[in-house]
Amino acid sequence: MRHGKNMTTKRLGTLAGSLLVGWLATGCGAEPAQEQVASQEQQLAESPDPLRPPVLESLDFIASQTTSSATPGLLRARLAQGESASQIQLTGDDGKEVTLRDDGLNGDVTAGDGLFSGFGIVNLEEHLKTQERIAAFQQQSTEPLTFATFDDRVLVRETSLVPLPGNIFTPGVPIPLPPTGIAQAVVPNKSLIINHPSVVGDPTRTWDPCTNTGNPNGVWTFKHLMTEMANTAATPPAFTERWLKQWLATQTVNGRPTPVRGNMATQVLNAWPRLSTGELDLNRSPFKLVAIVNRADLGRGRSGPYGSSGAGELRFVFSLMNSTNCQRPYNSFLVIFEYGVPRTQCAQVKSWAQSWLALSAPLLGLGSAAYNTQLQNLTQQVVMRNMAPGKPNGSAINQVRTNEILLSTPWWEMREFRLFSTTANPRNFTTSAAPGHLSEHTTVLTPFDLFNNSTTITNFLTANNGAILAGVHDVPLDFGATTNFLGAFPQMPTAGFFWNAPSLTTVPNGFNARHKFSLKTCNGCHARETNTGFTHVGPTGALSPFLATGMANMFTPYNVADPVNGLVRPFYEIRDRAQHLDSAANQSCVFRSFDRVSASPH
């Protein structure tokens, strides 16, 4: 059990009061006892936006019957400070939508008092078991349990997580439904980012192009993923080669040309063994698996910028290996397969999260035969053909991304590819896109690099200020009079690259808006905003400090000074992911209303 010896509560001081006192003292109105993190801009910059549900301050339930797995009763909620809404939409534990209103009707006592009410079903049996689980974890921990609130991976506040007394589970008594997620329940290298050699080098499931050993048809091989993704669009070798050849000719994406990177021929295609037919021999693919990543945190109640489902994404990271030296630490080529997990209903998402959380079980050894079998059972539910019948080729793939410096020096470049469908907006794709094939695509939330440090970015930060601060902005193909704004092939010309703009003092909360905008770009997140050298998972599977710090101890912050104003932000990336996974696995559908929307795809 990880007890979080360096837990943030020591740095923030003793948490005032208990959750129960805060709730029962006022029914449903008071915010639970908490400590605020003090800094000039480190706060929830909330703004009403149609892209996300409102953030709740509190939620409780008054049962009309004795506790059961489907208890009917009245749900009541208050919005967090600064939030506004005409109604609150929840999902009951019976899978039905519940609408809470502040209109004095249908169980709402007083119109306009800020207390939204509505009738629904709650699984109180599960809620009671959750209290027992909290108590059990608290007994094993040397620190008070807390539920952390994050804003773009930065810790904003912590709320005491204490078990509710069993005697309040009574009809007519307000029962708090606080957010619950126990980060300590998650072992990150077993359930979040898996790069252990016994997994990514499993000889029955992977292929090692350096030693020509393993199983070329294994379920975690580059060949298997490309074969299932191609389905009937083309033969897998032809499907793969057509994708790779896009670096050898100028592509036009959103009206602007992407550069040729000629080393694709000399370093990849010409070196790739071929069959007697002339096709690529996928049995001897030069791509080696270096990590499997569970991004359940990308599925927080709405489709994210990568179109992920409520269960987020499943990712595979491959590194191009040179058969001579077996790695390219300075001239790397990484391929990331990013699948939208085909689970959308709350119960499905919960079951999926439970399966990933089960991988953290103490008796299940990382890389053991039992562990790898359980992991395979999860991954095959996503990567196999026809798992997503409504998407191109029936594949659940959202996009394939590449990070590389191999194909052309002197700097790193990122590209994004998606399966083309005639129903898609063609401007997002290269003009040479073909149905069912991986075709170069615009890169999510990232303008063309030529706009960096321009007044166009200043104007964008101003025009989209509320959405940017709330973490839900989009970057459109065009912005105002500026055509072809959303970019492709973001690069990192310097190790300290970040997105900036002139006259930030004229933008509302301009320095924070700049950071949030830059953090969500591909080359901002992979560079100065997180003090990263462009790969969060490297060619050998090693992690950037942004990830590695939390993998070692999720309660230790990774501090990064803002490149413009020097403000130090304490990032807790892994703790955020861990808490979300436990929350999704153990909270009911009703509780998911507390999950903050995440639009950070990197």
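Heavy-atom basis, side chains included; hydrogens, waters and symmetry copies ignored.
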Strictly distance-based, threshold 3.5 Å: is any side-chain N or O of [X] a donor or acceptor partner for the main-chain N or O of [Y]?
X: Asn393; Y: Gly436; result: yes
X: Thr446; Y: Cys522; result: yes
X: Ser583; Y: Gly181; result: no
X: Thr240; Y: Pro236; result: yes
X: Thr99; Y: Gln89; result: no
X: Asp202; Y: Thr204; result: yes
X: Tyr339; Y: Phe316; result: no
X: Asn254; Y: Leu477; result: yes
X: Glu416; Y: His441; result: no
X: Gln246; Y: Leu438; result: yes

Donor on one side chain, acceptor on other, [X] and [Y], under 3.5 Å:
X: Ser588; Y: Asp93; result: yes
X: Asn586; Y: Lys129; result: no
X: Gln251; Y: Thr430; result: yes
X: Glu279; Y: Thr235; result: yes
X: Thr221; Y: Thr206; result: no
X: Asp478; Y: Thr483; result: no
X: His526; Y: Thr532; result: no
X: Glu313; Y: Gln399; result: yes
X: Asn523; Y: Asp449; result: yes

Practice task
Kindly indicate whether the side chain of Leu275, heavy atoms from C-beta on, has any atom under 4.5 Å from the side chain of Leu282.
Solution key: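 No, too far: nothing below the 4.5 Å cut-off.
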Exercise for the section: Go through Arg261 and Glu404 one step at a time and tell me if the salt bridge (Lys or Arg N to Asp or Glu O under 4.0 Å) criterion holds. Expected result: CA-CA 11 Å; Arg261 289 170 79 84; Glu404 54 82 16; 2.7 Å; yes
Practice task
Would you give the length of the straight line joining atom CH2 of Trp272 to atom CG of Leu244, rounded to the nearest 0.5 angstrom?
Solution key: 6.0 Å
State yes or no: are the ring centers of [X] and [Y] separated by less than 6.0 Å?
X: Phe451; Y: Phe485; result: yes
X: Phe287; Y: Trp220; result: no
X: Trp499; Y: Phe460; result: no

Exercise for the section: Flag this pair as yes if the NZ/CZ of Arg256 is under 6.0 angstrom from the six-membered ring centre of Phe448 and inside a 45 degree cone about the axis; otherwise no. Expected result: yes
Practice task
May I ask you to decide if the ring planes of Phe417 and Trp247 are parallel, tilted or perpendicular, using 30° and 60° as cut-offs?
Solution key: tilted
